[in-house]
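Below you'll find the structure, written out as C-alpha cells, and then a few comments.
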Amino acid sequence: MPGLTIRRTLDLDCSPTDLWRLVTDPHSLSGWLGREVEIDARSGGQGRVLDDDGIIRLLVVDEVVPGERLSFTWWPQADDAAASEVTFTVQEADEGSRLVVTETASAVVADGGSWDTRLISLWLAVCSQVTV
C-alpha cells in the first residue's frame with residue numbers, strides 16, 4: 001500500500017510472551033488500542049475496534065507469525081477508502097521486549113499522534129502489571 005508510513009518503537013519491561021498476549025488478546029487490547037476490541041487473531045480473522053473518540057474501525061487480519069508479528073488492515077466503518085495496514089512486531093530486548101508498530105496509510109488519514117496515545121496506554125498497562 002503506497003502512502004505515508006508511521007513507525008513507533010516502544011521498549012517494555014515485560015517478556016515477549018506477555019507482550020504478544022497484549023497485542024493479540026481482545027481483552028488486553030481493550031486496555032490500550034481502543035475502548036472495545038474484538039479480534040480473531042488468525043490470518044483472515046476479522047475484528048472491530050471502538051476508538052476512545054467513538055470511531056468504530058473494522059479490521060481484517062492479514063498475517064500472523066505466532067509470538068512475533070500480527071498484521072492487519074483496518075478502516076473507519078464509515079470510510080473504507082481510509083484503510084491502512086498495521087503491523088505489530090514483537091522482539092526480545094535487552095531488558096524485556098520491544099514492540100514496533102508500523103502503519104502505512106494515505107497521508108490524508110495517517111495520524112501518528114493517535115499511536116503515541118495508544119502506546120502510552122500500553123506502557124501504563126505493562127507498568128501496572130509489574131510487581132515490586
Side-chain angles (χ1 to χ4, degrees):
M1 173 181 286
L4 178 67
T5 297
I6 297 170
R7 181 170 288 122
R8 296 286 191 265
T9 302
L10 183 65
D11 287 344
L12 296 160
D13 186 20
C14 66
S15 70
T17 301
D18 288 342
L19 181 54
W20 181 250
R21 180 186 49 76
L22 287 165
V23 301
T24 57
D25 173 67
H27 178 73
S28 297
L29 284 165
S30 292
W32 67 273
L33 186 63
R35 272 190 279 176
E36 297 174 17
V37 178
E38 300 169 13
I39 186 170
D40 179 0
R42 59 188 171 116
S43 292
Q46 297 182 5
R48 177 183 176 276
V49 176
L50 174 61
D51 285 342
D52 289 336
D53 57 8
I55 294 173
I56 295 173
R57 294 179 180 273
L58 304 177
L59 69 83
V60 174
V61 177
D62 300 316
E63 179 187 32
V64 178
V65 177
E68 296 178 21
R69 186 173 53 253
L70 171 68
S71 297
F72 56 88
T73 301
W74 70 348
W75 60 95
Q77 185 177 24
D79 187 6
D80 58 349
S84 61
E85 295 174 357
V86 177
T87 301
F88 296 149
T89 304
V90 174
Q91 303 170 341
E92 190 169 339
D94 290 338
E95 295 184 21
S97 58
R98 174 172 294 141
L99 177 64
V100 179
V101 178
T102 306
E103 182 173 24
T104 302
S106 72
V108 175
V109 298
D111 180 8
S114 63
W115 279 114
D116 292 343
T117 302
R118 287 182 179 111
L119 294 177
I120 288 169
S121 296
L122 173 60
W123 178 77
L124 290 170
V126 169
C127 288
S128 70
Q129 295 178 12
V130 174
T131 57
V132 179

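- Distance alone, capped at 3.5 Å, places no donor-acceptor pair between the Asp51 side chain and the Asp53 backbone.
- A 4.5 Å side-chain heavy-atom check between Leu99 and Val90 finds at least one atom pair inside the cut-off.
- Separating the CD1 atom in Ile56 from the CG atom in Leu59 is a distance of 12.5 Å, to the nearest 0.5 Å.
- Taken to the nearest 0.5 Å, the CG atom of Asp18 stands 11.5 Å off from the CG atom of Asp25.
- Side-chain atoms of Asp80 do not come within 3.5 Å of backbone N or O of Trp75 as any donor-acceptor pair.
- With hydrogens and angles disregarded, a donor-acceptor distance shorter than 3.5 Å links the side chain of Ser30 to the backbone of Val37.
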Practice item. Go through the steps for Asp40 and Val61 under the test side chain to side chain contact (heavy atoms under 4.5 Å, CB included), then give the verdict. Key: CA-CA 8 Å; Asp40 179 0; Val61 177; 5.9 Å; no
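- In terms of modelled atom types and a separation under 3.5 Å, the side chain of Ser97 and the main chain of Cys14 share a donor-acceptor contact.
- The CD1 atom of Ile6 lies 10.0 Å from the OG1 atom of Thr102; values are rounded to the nearest 0.5 Å.
- Aromatic ring pairs are classed by plane angle as parallel below 30°, tilted from 30° to 60° and perpendicular above 60°; the pair Phe88 and Trp32 is tilted.
- From Ile55, atom CD1 reaches atom CD of Gln77 across 11.0 Å, with rounding to the nearest 0.5 Å.
- Looking only at side-chain heavy atoms (C-beta outward), Thr87 and Glu85 stay at 4.5 Å or farther from each other.
- Scanning all heavy atoms of the two residues, the minimum distance from Ala105 to Ser84 falls at CB-CB, 3.3 Å.
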Practice item. Could you go through the side chain to side chain contact (heavy atoms under 4.5 Å, CB included) check for Arg48 and Glu36 one step at a time? Key: CA-CA 8 Å; Arg48 177 183 176 276; Glu36 297 174 17; 3.8 Å; yes
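- Heavy atoms of other residues, nucleotides or ligands lying less than 6.0 angstrom from CZ of Arg35 number more than 12.
- Within the model, atoms CG of Leu33 and CG of Leu50 stand 11.0 Å from one another, a figure rounded to the nearest 0.5 Å.
- Judged by distance alone, the side chains of Thr89 and Arg69 never bring a donor and an acceptor atom under 3.5 Å apart.
- Of the inter-residue distances, the one linking Arg7 atom CZ with Glu103 atom CD reads 12.0 Å to the nearest 0.5 angstrom.
- In this structure, Leu70 and Thr24 approach most closely via the heavy-atom pair CD2-CG2, 4.2 Å.
- Residues Val86 and Val60 do not share a hydrophobic cluster, clusters being chains of Ile/Leu/Val/Met/Phe/Trp/Tyr side chains in contact below 4.5 Å.
- Taking hydrophobic clusters as Ile, Leu, Val, Met, Phe, Trp and Tyr residues chained together by side-chain heavy-atom distances below 4.5 Å, Val101 shares a cluster with Val49.
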Check your understanding: Do Val100 and Arg98 pass the side chain to side chain contact (heavy atoms under 4.5 Å, CB included) test, and can you show the C-alpha distance, the side-chain angles, and the key distance before you say yes or no?
Key -> CA-CA 7 Å; Val100 179; Arg98 174 172 294 141; 4.2 Å; yes
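- Nearest heavy atom pair, residue Val64 against residue Ala41, reads CG2-O, 3.7 Å.
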